[in-house]
Structure formats: structure tokens, C-alpha cells
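For reference, the structure is listed below as C-alpha cells.
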Amino acid sequence: MGRARASVSRCEGFGPSAGDRRTVVEATAWRYRTGAPWRDLPERFGNWNTIYKNFDRWSKAGVWARVLEQVQAMAHQGGDVDWIVSIDSTIVRVHQHGATLPRDKGGTVEVPEARRRTR
């Protein structure tokens with residue numbers, strides 16, 4: 001976790017002091033873990049708007065991307081990541097032009113009623 005901490009600590013001029021950076025990270029983790037809006041951050045994290053502004057500033061500066069890359073690299077080195085992706089098919093949508101394409105269903109071919117008309 002040292003390299004990830006170094007990414008956050010290199011944010012000189014990007015908001016809170018070193019002691020408060022941990023609060024920003026913990027508040028951000030809480031917000032994404034719960035799915036709550038920024039305004040609903042518990043008071044123990046301080047002013048929600050200050051936390052959000054620091055989060056946004058760090059995002060624009062690429063701090064969160066560097067932290068993610070370093071944490072992933074460390075997990076990969078330790079053998080903790082499989083890199084297998086599973087996509088839930090209930091949220092996958094087909095393009096509008098692909099919805100009516102014929103497909104092999106492994107059985108008899110069913111032709112839509114509109115295509116059966118003789119001319």
C-alpha cells in the first residue's frame with residue numbers, strides 16, 4: 001500500500017494537509033461503498049463539499065487513476081487478481097440494427113411473419 005499512499009501524498013497543492021488526505025480517501029471509499037450522495041456523508045468526515053472538491057480535484061489531476069494502477073499492480077504481483085471479467089447479460093443491450101438479424105438457434109429456422117409474405 002506504500003506506493004498507493006505515495007501517489008496520494010504527492011498531491012502537493014491539491015487540497016488538504018497530509019493528515020486530512022486519509023479522511024478524504026476514507027470518505028470517498030465510504031461514499032462509493034454505500035452508493036450514497038455526497039451530501040449524505042457522515043459528519044465525522046467533515047464538510048461534504050470540501051471532501052467532494054478534493055475528490056474532484058484529485059480526479060482531474062489523475063491521482064485516483066494512479067492509485068488504481070498501483071493497487072492493481074501490487075495485487076497482480078501478489079497473485080491476488082485473476083483478471084477474469086463476468087458480464088451480467090441482463091444489462092447488455094444489442095444495437096437496434098442487430099436485434100432483427102437471423103440467428104442459428106440450433107433447431108429449425110423460424111422466419112418472422114413479415115418475411116413469409118409472398119410477392
Side-chain angles (χ1 to χ4, degrees):
M1 206 57 183
R3 284 189 288 176
R5 186 176 299 138
S7 284
V8 174
S9 64
R10 275 184 267 172
C11 302
E12 299 304 324
F14 284 106
S17 64
D20 293 336
R21 288 186 187 124
R22 181 180 182 109
T23 304
V24 173
V25 172
E26 288 177 358
T28 302
W30 181 90
R31 191 253 183 217
Y32 280 100
R33 185 175 53 247
T34 62
W38 286 105
R39 290 178 186 261
D40 291 346
L41 278 176
E43 290 182 18
R44 69 178 180 262
F45 295 123
N47 184 337
W48 72 268
N49 199 26
T50 303
I51 299 292
Y52 171 74
K53 285 179 182 178
N54 285 299
F55 166 79
D56 188 50
R57 200 174 302 131
W58 290 359
S59 294
K60 290 176 182 171
V63 173
W64 294 113
R66 287 194 312 267
V67 169
L68 177 63
E69 288 171 4
Q70 290 174 1
V71 169
Q72 286 176 336
M74 290 175 358
H76 183 68
Q77 275 183 333
D80 297 330
V81 178
D82 288 336
W83 299 111
I84 296 174
V85 177
S86 176
I87 300 175
D88 182 0
S89 64
T90 59
I91 60 166
V92 176
R93 305 275 192 259
V94 70
H95 188 272
Q96 63 184 2
H97 297 129
T100 59
L101 293 177
R103 59 181 184 254
D104 181 21
K105 296 180 182 176
T108 60
V109 176
E110 297 179 22
V111 180
E113 191 66 33
R115 293 186 184 171
R116 289 186 186 168
R117 293 186 199 156
T118 57
R119 294 181 187 196

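Note that the numbering runs from 1 along the sequence shown for the chain.
W58 has its side chain within reach of V25: a pair of non-hydrogen atoms, C-beta onward, lies under 4.5 Å apart. Using a 4.5 Å heavy-atom cutoff, the side chains of R57 and Y52 are not in contact.
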Between K53 and W48, is a side chain to side chain contact (heavy atoms under 4.5 Å, CB included) present by the stated rule, with each step listed?
CA-CA 9 Å; K53 285 179 182 178; W48 72 268; over 6 Å; no
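A search for side chain to side chain donor-acceptor pair (under 3.5 Å) contacts involving D56 returns K60, not counting sequence neighbours. Every side-chain contact (heavy atoms from CB on, under 4.5 Å) that T28 has, sequence neighbours left out, goes to V24, Y32, W38, F55, W64. Residues satisfying the side-chain contact (heavy atoms from CB on, under 4.5 Å) test with E69, not counting sequence neighbours, are none. For D80, the side-chain contact (heavy atoms from CB on, under 4.5 Å) test picks out A75, with sequence neighbours left out.
T23 and F45 get closest at one heavy-atom pair: CG2-O, 3.5 Å.
Pairs engaging residues 23-42 under the salt bridge (charged side-chain N to carboxylate O under 4.0 Å, His left out) rule: R22-E26 [sequence neighbours left out].
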